[in-house]
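Some notes on the structure that comes next.
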Amino acid sequence: MKLILAVGFLLAFATGVNAQKQRTQTYLPKIAIKTNALYWATSTPNLGLEIGLAKKLTLDISGNYNPWKFSDNKQLKHWLVQPELRYWLCERFNGSFFGLHGHYAHFNIGQIDFIPCMKEYVYRGNLYGGGISYGYHWAMGDRWGMEVTVGGGYAQLSYDKYLCRDCGERVGQFKRTYFGPTRAGISLIYFLR
């Protein structure tokens, strides 16, 4: 009888300790939505979704779309999708992370005065590629956060070059490989859960 009581006591104690551990573990957010202020500065609406996959792993998917035509035939029309797998050094949504990202975009840009190669021409085409990044996340309360991200890599561009937007006189078709910055962000984050 004493043995049964001792085993029952140990089971009750172990169950209580396990329940207490579960209650005191750090809460890790699972899903966040975000927007990048740097893209907004170029008049590009954007929205991102980041999903927790494991304690130190997340998947970030961002989309950007700029449909605007500006005065004097200037345009910066494009859409971009940029998924990134992130490894967090501490735990997800906390501190530093390293990322591996890809990107795909379609663009129709040109006749922008402050960019010398685009002053007289319009470029229409696609780009794809990938790279690596580093970022840091700051918590700003239970539901809000901010992060800064920089990254570099490559992009393969395939595009047509036109003399002007309306006349449609094509100057040529081109393919280029680009190496350099491929990701930059100052993002505001809201945790859904």
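- Note on M146: it does not cluster hydrophobically with L47, by side-chain heavy-atom contacts below 4.5 Å among ILVMFWY residues.
- To the nearest 0.5 angstrom, L38 atom CG is 9.5 Å from T149 atom OG1.
- Taking the side chain to side chain contact (heavy atoms under 4.5 Å, CB included) definition, one finds that A155 meets it with H103, L127, L157, Y178, sequence neighbours left out.
- V150 meets the side chain to side chain contact (heavy atoms under 4.5 Å, CB included) test with no other residue; sequence neighbours excluded.
- Checked by atom type and distance alone, the side chain of H101 never pairs as donor or acceptor with a backbone atom of L85 at under 3.5 Å.
- Following chains of ILVMFWY side-chain contacts shorter than 4.5 Å, one can reach W138 starting from L188, so the two form part of one hydrophobic cluster.
- Residues M140 and V148 share a hydrophobic cluster, clusters being chains of Ile/Leu/Val/Met/Phe/Trp/Tyr side chains in contact below 4.5 Å.
- Contact of the Y104 side chain with the N126 side chain is registered, since non-hydrogen atoms from C-beta on lie closer than 4.5 Å.
- Under the ring pair (Phe, Tyr, Trp, His ring centres under 6.0 Å) test applied with F98, the options Y134, W88, Y87 reduce to a single match, Y134.
- L76 and T42 get closest at one heavy-atom pair: CD2-O, 3.7 Å.
- For Y121 and Y162, the gap between ring centers reaches or exceeds 6.0 Å.
- With values rounded to the nearest 0.5 angstrom, W40 atom CH2 is found 15.5 Å from I186 atom CD1.
- By the rule that hydrophobic residues join a cluster once side-chain heavy atoms approach within less than 4.5 Å of another member, L59 and L80 end up as members of separate clusters.
- Between Y190 and W144, a ring centre-to-centre spacing shorter than 6.0 Å is recorded.
- Note on residues 33-54: pairs passing salt bridge (Lys or Arg N to Asp or Glu O under 4.0 Å), not counting sequence neighbours, are K34-E50, K34-D60, K34-E147, E50-R86.
- In this view, R176 satisfies the salt bridge (Lys or Arg N to Asp or Glu O under 4.0 Å) rule with no residue, not counting sequence neighbours.
- For the pair K161 and Y123, the cation-pi criterion (under 6.0 Å, within 45° of the ring axis) is not fulfilled.
- Ion pairing between R170 and D160 holds under the 4.0 Å rule for side-chain N and carboxylate O.
- Nearest heavy atoms, N36 versus N46: N-OD1, 2.6 Å.
- Scanning both residues, K56 and L89, for their nearest heavy atoms gives NZ-O, 3.3 Å.
- Within the structure, salt bridge (Lys or Arg N to Asp or Glu O under 4.0 Å) pairs that include any residue of residues 92-111 do not occur (at least two apart or interchain).
- Under the 4.5 Å side-chain criterion, counting only non-hydrogen atoms from C-beta, N108 is in contact with V122.
- By the rule that hydrophobic residues join a cluster once side-chain heavy atoms approach within less than 4.5 Å of another member, I31 and I33 end up as members of one cluster.
- Taking CH2 of W79 as the start and NE2 of H106 as the end, the distance is 8.0 Å to the nearest 0.5 Å.
- Neither side chain, S62 nor Q82, offers a donor N or O lying under 3.5 Å from an acceptor on the other.
- A distance of 6.5 Å separates CG in L49 from CD1 in I61, rounded to the nearest 0.5 Å.
- In this structure, F93 CZ and I189 CD1 are separated by 7.5 Å, a value rounded to the nearest 0.5 Å.
- For the pair F97/E84, a side-chain contact is recorded, criterion being any heavy-atom separation below 4.5 Å from C-beta on.
- At most 12 non-hydrogen atoms from other residues, nucleotides or ligands lie less than 6.0 angstrom from CH2 of W68.
- By the ring-ring contact (aromatic ring centres under 6.0 Å, His included) test, Y39 pairs with no residue at all, sequence neighbours left out.
- Rounding to the nearest 0.5 Å gives a distance of 10.5 Å between NE2 of H137 and OG of S187.
- R143 places a side-chain N or O within donor-acceptor distance of the main-chain N or O of L192, the cut-off being under 3.5 Å.
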